[in-house]
Amino acid sequence: MFDFKFQPDTYFSEETTSVLLIRISYPESTWGEQISIYAHQGQGKITYEAVDFYGNEYLLFPSSSFEPLTFDDAVYLVEGMQLHPEQEESNMQLILDGVPEAESAFYPEMERYFAEKRKNFGLD
């Protein structure tokens, strides 16, 4: 069973205000896309940003928070990620095809969660 209420104390140290939060890959996507989700600290809150090789813009839910996300919210951040509506007309929506593989230094159960989900969908 997963601890969906797990919440890291912080993402940041005294020296860092930006961290790689979650690394995602979509093996079934047309391009085998890799997306990195970063957390940035500033003005009293944490903002989240997804970055890929092509410079696409993604919508994240939530896009910000005042404290680190619970594991449940971090999973929702990955699963609810969407390509920005202005890019939906292109073939770029194929990037988010399939169930991703994901890993995070802040959420130790992230990799196993998505590995089990992929297995349940017959992808591994």
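None of the values given here were measured: they were computed from a predicted structure.
The structure places OG of Ser25 at 5.5 Å from CD of Gln34, a figure rounded to the nearest 0.5 Å. The OH atom of Tyr38 sits 11.0 Å away from atom CG of Leu21, with the distance rounded to the nearest 0.5 Å.
Under a cut-off of 6.0 angstrom, the local environment of CG in Asn120 is crowded, with over 12 non-hydrogen atoms contributed by other residues, nucleotides or ligands.
In this structure Gln41 satisfies the side-chain hydrogen bond (donor to acceptor under 3.5 Å, both in side chains) test with no other residue, sequence neighbours excluded. Residues passing the side-chain hydrogen bond (donor to acceptor under 3.5 Å, both in side chains) test with Arg23, sequence neighbours excluded: none. When the salt bridge (Lys or Arg N to Asp or Glu O under 4.0 Å) test is applied to Glu103, no partner is found at least two apart in sequence or on another chain. Annotation: side-chain hydrogen bond (donor to acceptor under 3.5 Å, both in side chains) contacts of Glu111 (sequence neighbours excluded): none. Under the rule for a side chain to side chain contact (heavy atoms under 4.5 Å, CB included), the partners of Ser18 that lie at least two apart in sequence or sit in another chain are His40. Every side chain to side chain contact (heavy atoms under 4.5 Å, CB included) that Thr10 has, sequence neighbours left out, goes to Phe12. Among residues two or more places apart in sequence or in another chain, the ring pair (Phe, Tyr, Trp, His ring centres under 6.0 Å) test is passed with Tyr48 by none. The side-chain hydrogen bond (donor to acceptor under 3.5 Å, both in side chains) search around Asp3 returns none, not counting sequence neighbours.
In this structure, Met1 stands alone, with no Ile, Leu, Val, Met, Phe, Trp or Tyr side-chain heavy atom under 4.5 Å from its own, directly or through other members. Under the 4.5 angstrom side-chain criterion for Ile, Leu, Val, Met, Phe, Trp and Tyr, Phe66 has no cluster partners at all.
Side chain of Glu101 to main chain of Ile24: no donor-acceptor pair is present (N/O by atom type, distance under 3.5 Å, no hydrogens or angles). Thr16 places a side-chain N or O within 3.5 Å of a backbone atom of Ser13 that can act as its donor or acceptor partner. Ser104 contributes a side-chain N or O that, together with a main-chain N or O of Phe106, makes up a donor-acceptor pair within less than 3.5 Å.
Under the 4.5 Å side-chain heavy-atom criterion for grouping Ile, Leu, Val, Met, Phe, Trp and Tyr, Ile22 is not connected to Leu59 through any hydrophobic cluster. A continuous path of Ile, Leu, Val, Met, Phe, Trp and Tyr side chains, each step under 4.5 Å between heavy atoms, connects Phe114 with Phe6, placing both in one hydrophobic cluster. Val51 and Met110 fall into different hydrophobic clusters, where Ile, Leu, Val, Met, Phe, Trp and Tyr residues are linked whenever their side-chain heavy atoms come under 4.5 Å apart, directly or through other members. Linking ILVMFWY residues whenever their side-chain heavy atoms come closer than 4.5 Å, directly or via other members, leaves Phe71 and Phe61 in distinct clusters. Both Leu69 and Phe2 belong to a single network of hydrophobic side chains, linked directly or stepwise wherever heavy atoms of I, L, V, M, F, W or Y lie under 4.5 Å apart.
The salt bridge (Lys or Arg N to Asp or Glu O under 4.0 Å) pairs that include a residue from residues 37-49 number zero, where partners must be two or more places apart or lie in different chains.
Annotation: side chain of Ile46 is in contact with side chain of Pro68 (closest heavy-atom distance under 4.5 Å). Between Tyr26 and Ile35 there is a side-chain heavy-atom pair separated by less than 4.5 Å. Within the 4.5 Å cutoff, side-chain heavy atoms of Tyr58 are placed close to those of Asp52.
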Distance-only check: which donor-acceptor pairs under 3.5 Å involve side-chain atoms of residues 72-81, not counting sequence neighbours?
{"residue": "Asp73", "atom": "OD2", "partner": "Thr70", "partner atom": "OG1", "Å": "3.2"}
{"residue": "Glu79", "atom": "OE2", "partner": "Tyr113", "partner atom": "OH", "Å": "3.4"}
{"residue": "Glu79", "atom": "OE2", "partner": "Lys117", "partner atom": "NZ", "Å": "2.5"}

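The residues Glu116 and Lys119 are annotated as not salt-bridged, no charged nitrogen and carboxylate oxygen being separated by less than 4.0 angstrom.
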